[in-house]
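These notes are about the structure you will find just below.
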Amino acid sequence: MGNTLTIAWKETRTYFSSPMGYIIGGVFLALTGYLFAQSVSAPFAEASIRNWIGSATMLFTLWSPVLTMRLLAEEQKLGTLELLMTSPVRDFEIVVGKYLASLVMLLSILALTAFYALLLLLFGDPDIGPLLAGYLGLVLFGAATLAVGVLASSLTSNQIVAAVISFGILLFLTLLEQAADVTPGTPAVLLEQLSLTGHFNDFARGVIDTNNIIYYLSFIFVTLFLAIRNLESKRWR
């Protein structure tokens with residue numbers, strides 16, 4: 001556990017000490033701010049984050065690959081991954097530590113978007129329940145996309161390739177919901193269950209379903225497990 005936290009702390013400091021971290025965060029805040037302004041300025045707009053929070057999930061499809069692309073790919077390119085793997089640090093500590101650092105970045109940026117909720121509380125009369133449910137869904141959805149980014153970063157030493165792989169996987173998983181809409185019968189149910197966005201819709205409506213929480217947590221566990229296994233396989237190459 002100590003090694004995991006040490007790696008997480010190191011990567012977190014890297015995020016907050018580099019201009020790229022602030023650029024990535026600033027772009028996300030600018031885009032979500034625009035979406036929020038559009039939602040509250042529409043005719044007969046309601047005091048809710050539902051309208052912009054659904055669109056914000058699509059931002060994670062682009063944002064998370066950029067945030068995570070360097071985590072393991074850069075280590076492989078510089079040759080420092082071999083040093084980590086020959087030190088008394090286990091593979092799961094490396095993967096989980098780097099994942100936790102990206103999660104800290106995610107939570108920090110989402111905390112800043114709470115300003116939008118504060119505006120609703122000051123100038124409207126929103127229902128607190130849907131606000132909390134929406135943010136819980138955003139955290140879980142974002143955490144799942146970060147796990148995909150870590151897995152993609154473990155597959156290559158090229159950061160751009162890692163980002164493209166991650167984007168492709170996330171785009172596929174988000175489009176499954178649209179595929180389910182035009183697919184009849186049991187396959188439609190299967191596609192809906194596999195879709196990342198399909199499990200987010202309840203949160204956006206203010207409904208917290210434990211099945212959706214279990215899905216996201218299981219997805220994160222399986223994805224990070226695959227990243228750990230891929231890292232372990234490099235010891236034998």
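Only this structure's heavy atoms are used, side chains among them; waters, hydrogens and symmetry mates stay out. In what follows, residues are counted from 1 in the order of the sequence shown.
Scanning for side-chain contact (heavy atoms from CB on, under 4.5 Å) contacts around S18 gives M20, with sequence neighbours left out. Shown here are the salt bridge (charged side-chain N to carboxylate O under 4.0 Å, His left out) partners of E93, two or more places apart in sequence or in another chain: R90.
Between N212 atom CG and N201 atom CG the span is 9.0 Å, to the nearest 0.5 Å. Going from atom CG of L29 over to atom CD1 of I24 covers 12.0 Å, rounded to the nearest 0.5 Å. We find the OG1-CD distance between T14 and E74 to be 8.0 Å, quoted to the nearest 0.5 Å. Between the OH atom of Y99 and the CZ atom of F92 there is a distance of 15.5 Å, given to the nearest 0.5 Å. To the nearest 0.5 angstrom, L231 atom CG is 12.0 Å from L224 atom CG. Remark: T12 OG1 to L5 CG distance equals 10.0 Å, nearest 0.5 Å.
Within 6.0 Å of CZ in F172 there are 12 or fewer heavy atoms belonging to other residues, nucleotides or ligands.
Smallest separation of non-hydrogen atoms from Y135 and T113: OH-O, 2.8 Å. Across all non-hydrogen atoms, the minimal contact from A143 to I220 is CB-CD1, 3.6 Å. The minimum heavy-atom distance linking A101 with E11 is given by the pair CB-CB, 3.3 Å. Closest approach of I165 to A152, counting heavy atoms only: CG2-CB, 3.9 Å. Heavy-atom minimum distance, N158 versus V161: OD1-N, 3.1 Å.
For the pair I208/D202, no side-chain contact is recorded, criterion being any heavy-atom separation below 4.5 Å from C-beta on. Residues L132 and L136 form no side-chain contact, since every pair of their non-hydrogen atoms from C-beta on lies 4.5 Å or further apart. The closest side-chain heavy-atom distance from P65 to L170 is below 4.5 Å. Proximity of F60 to L138: side-chain heavy atoms (C-beta onward) are separated by under 4.5 Å at one or more points. Side-chain contact between V148 and T145 is absent, with no heavy atoms from C-beta onward closer than 4.5 Å. Side-chain contact between T197 and F141: present, with at least one pair of heavy atoms (C-beta onward) separated by less than 4.5 Å. A heavy-atom distance below 4.5 Å is found between the side chains of L106 and W63.
Both M105 and L107 are members of a single hydrophobic cluster when ILVMFWY side chains are connected at heavy-atom separations under 4.5 Å. With hydrophobic clusters built from ILVMFWY side chains whose heavy atoms lie under 4.5 angstrom apart, F16 shares a cluster with V66. In this structure, L112 is a member of the same hydrophobic cluster as L110, with clusters built from ILVMFWY side-chain heavy atoms closer than 4.5 Å. In the hydrophobic clustering of ILVMFWY residues, with side-chain heavy atoms under 4.5 Å counting as a link, L146 and W9 come out apart. Residues L217 and V150 fall within the same hydrophobic cluster, defined by Ile, Leu, Val, Met, Phe, Trp and Tyr side chains chained together at heavy-atom separations under 4.5 Å.
No donor-acceptor distance shorter than 3.5 angstrom exists from the side chain of S166 to the backbone of A162, with no hydrogens or angles considered. At least one donor-acceptor pair under 3.5 Å links the side chain of S153 to the backbone N or O of M69. S108 contributes a side-chain N or O that, together with a main-chain N or O of V104, makes up a donor-acceptor pair within less than 3.5 Å. For the pair S64 (side chain) and T61 (backbone), a donor-acceptor distance under 3.5 Å is absent.
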Evaluate Y15 against S102 for side-chain hydrogen bond (donor to acceptor under 3.5 Å, both in side chains), listing each step before the verdict. CA-CA 8 Å; Y15 276 129; S102 66; 5.1 Å; no

For the pair L196 and Y215, evaluate side-chain contact (heavy atoms from CB on, under 4.5 Å) and give the outcome as yes or no after the intermediate values. CA-CA 9 Å; L196 278 178; Y215 165 81; 3.7 Å; yes

Please test D209 against I213 for side-chain contact (heavy atoms from CB on, under 4.5 Å), starting from the C-alpha separation and ending with a verdict. CA-CA 7 Å; D209 189 332; I213 295 176; over 6 Å; no

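I228 pairs with exactly one of V95, L151, I94 by the side-chain contact (heavy atoms from CB on, under 4.5 Å) rule, that one being V95. When L72, L226, L71, D91 are each tested for a side-chain contact (heavy atoms from CB on, under 4.5 Å) with S154, only one passes: L72.
Annotation: Y216 is not in aromatic contact with F200 [ring centroid separation under 6.0 Å not met].
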